[in-house]
Amino acid sequence: MPKLKLNPINKRRLDVFKSHKRGYYSLWIFLILFVLSLFAKFIANDKPILVYYDHAIYMPVFKVYPETTFGGEFETEAEYRDEFVADLINEKGWIVWPIIRYSYDTINYSLDQPAPSPPSKENWLGTDDQARDVSARVIYGFRISVLFALTLSIISSLIGVAVGAMQGFYGGKIDLFGQRFIEIWGSIPRLYLLIILSSIVVPNFWWLLGIMLLFSWMALIDVVRAEFLRGRNLEYVRAARALGLGNRSIMFKHILPNAMVATMTFLPFILTGAITTLTALDFLGFGLPPGSPSLGELVAQGKSNLQAPWLGISAFLVLSIMLTLLVFIGEAARDAFDPRKTLV
């Protein structure tokens with residue numbers, strides 16, 4: 001397999017990033033945690049990963065099977081945590097369970113004390129005030145937070161880069177009216193508007209993403225606009241224009257690669273801001289729908305149940321570790337794209 005070759009500039013950036021040990025290892029830790037969270041169904045679930053029964057293989061994580069499939073009496077979905085169903089399967093086969101036998105919405109009816117219950121062998125991080133497993137909700141909450149933040153950051157960055165590029169490259173009235181619009185739009189108190197809109201319409205993942213996208217696209221405009229204002233008058237741009245290249249080719253092939261340096265530097269911090277905003281909305285009760293695996297909702301439960309410190313501690317540790325890793329990655333990316341930074 002041919003080895004990927006990098007140009008000298010990108011090779012220097014990669015070497016500087018690797019030399020930033022804190023950011024380099026943070027990137028690997030974050031990627032490992034994120035990839036593991038993508039397989040949350042195989043880590044925390046109230047359905048088995050694999051069931052072998054009567055010389056046949058079943059995968060309940062992907063397909064719904066009625067209880068009659070395993071010799072039961074009801075046509076409804078099998079309740080695999082029920083001892084009766086488990087005994088039926090074990091008579092003619094076996095079951096492979098996830099590490100955590102609870103999903104984010106599974107209620108533990110076999111608690112020996114009122115919820116929220118403290119950590120135990122069955123519930124590693126305890127249960128919340130609705131008897132749901134905290135460890136399962138943390139895994140699913142981490143996944144949805146990162147996916148939401150990544151989607152929001154990527155889409156808002158694309159819009160922000162496009163708007164900033166047009167303003168900076170064309171200048172004139174486009175830049176003038178664009179800046180005035182951004183000043184007016186940016187002065188709107190976004191958090192209050194989000195709360196008002198969320199109280200009118202029941203939000204879901206995509207609805208909340210669209211509302212937050214109305215404001216998050218402005219984060220990169222100033223940086224990209226400044227790069228295009230500076231770059232449009234440089235010699236290589238004038239040479240490209242003299243050779244007959246169109247505006248689109250000059251923008252995307254010559255100026256944009258330089259502007260992307262600042263964009264890539266800011267991206268981890270935009271990701272951090274998106275996670276904190278979603279957590280704040282969930283904490284206030286204006287975020288994801290009730291019952292969703294949410295770190296902000298777990299923080300709110302910790303505030304409401306001071307007698308159960310494991311709730312607040314779990315939410316604090318997950319959020320602090322996640323945001324700290326992203327900040328360290330952002331610092332390493334900033335140093336990697338800084339032309340003044342050299343290897344020691």
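Positions are given from 1, in the same order as the sequence printed here. Quick caveat: nothing in here was measured; it's all calculated off a predicted structure.
- For Phe266, the CZ atom sits in a loose shell: 12 or fewer heavy atoms of surrounding residues, nucleotides or ligands are nearer than 6.0 Å.
- For the atom pair CD1 of Ile159 and CG of Leu214, the computed distance is 9.0 Å after rounding to the nearest 0.5 Å.
- By the criterion of side-chain heavy atoms lying less than 4.5 angstrom apart, applied directly or through intervening Ile, Leu, Val, Met, Phe, Trp or Tyr residues, Trp206 is grouped together with Ile144 in one hydrophobic cluster.
- With hydrogens and angles ignored, the 3.5 Å screen pairs no side-chain donor or acceptor of Ser292 with any backbone N or O of Ser294.
- Checking side-chain atoms of Arg81 against main-chain N and O of Asn108 turns up no donor-acceptor pair under 3.5 Å.
- Residues Val161 and Leu256 meet the side-chain proximity criterion, which asks for heavy atoms closer than 4.5 Å.
- In this structure, Thr324 contributes its side chain and Ile321 its backbone to no donor-acceptor pair below 3.5 Å.
- Of the charged side-chain nitrogens involved, at least one lies within less than 4.0 Å of a carboxylate oxygen, so that Glu183 and Arg180 count as a salt-bridged pair.
- Under the 30°/60° scheme for interplanar angles, the aromatic rings of Phe215 and Trp185 are found to lie parallel.
- In this structure, Pro98 and Ile43 have side chains that are not in contact, with every pair of non-hydrogen atoms separated by 4.5 Å or more.
- A donor-acceptor pair under 3.5 Å is formed between the side chain of Thr127 and the backbone N or O of Ser117.
- Side-chain atoms of Met322 and Phe30, non-hydrogen and from C-beta on, do get closer than 4.5 Å to each other.
- The shortest side-chain heavy-atom distance between Ile270 and Leu220 falls under the 4.5 Å cut-off.
- A donor-acceptor contact shorter than 3.5 Å is absent between the side chain of Ser153 and the backbone of Leu150.
- Within 6.0 Å of the CE atom in Met166, the count of heavy atoms belonging to other residues, nucleotides or ligands does not exceed 12.
- For Asp282 (side chain) and Leu288 (main-chain N/O), a donor-acceptor pair under 3.5 Å exists by modelled atom type.
- When hydrophobic clusters are built by joining Ile, Leu, Val, Met, Phe, Trp and Tyr residues whose side-chain heavy atoms come closer than 4.5 Å, directly or via intermediates, Phe142 is grouped together with Leu147.
- Among pairs with a residue in residues 97-136, those fulfilling ring-ring contact (aromatic ring centres under 6.0 Å, His included) read Tyr104-Tyr140, at least two apart in sequence or across chains.
- Using a cut-off of 4.0 Å between Lys/Arg side-chain N and Asp/Glu carboxylate O, Asp133 and Arg137 are scored as not salt-bridged.
- A search for side chain to side chain contact (heavy atoms under 4.5 Å, CB included) contacts involving Trp94 returns Leu50, Tyr52, Val96, not counting sequence neighbours.
- Using the six-membered ring where Trp is involved, Phe181 and Trp217 have ring planes that are parallel, under 30° apart on the 30 and 60° scheme.
- No more than 12 heavy atoms of other residues, nucleotides or ligands shown are found within 6.0 angstrom of CD on Glu83.
- In the model, Gln301 has a side-chain atom that pairs as donor or acceptor with a side-chain atom of Glu297 under 3.5 Å.
- Judged purely by atom type and a 3.5 angstrom limit, Ser187 uses its side chain to pair as donor or acceptor with the backbone of Ile184.
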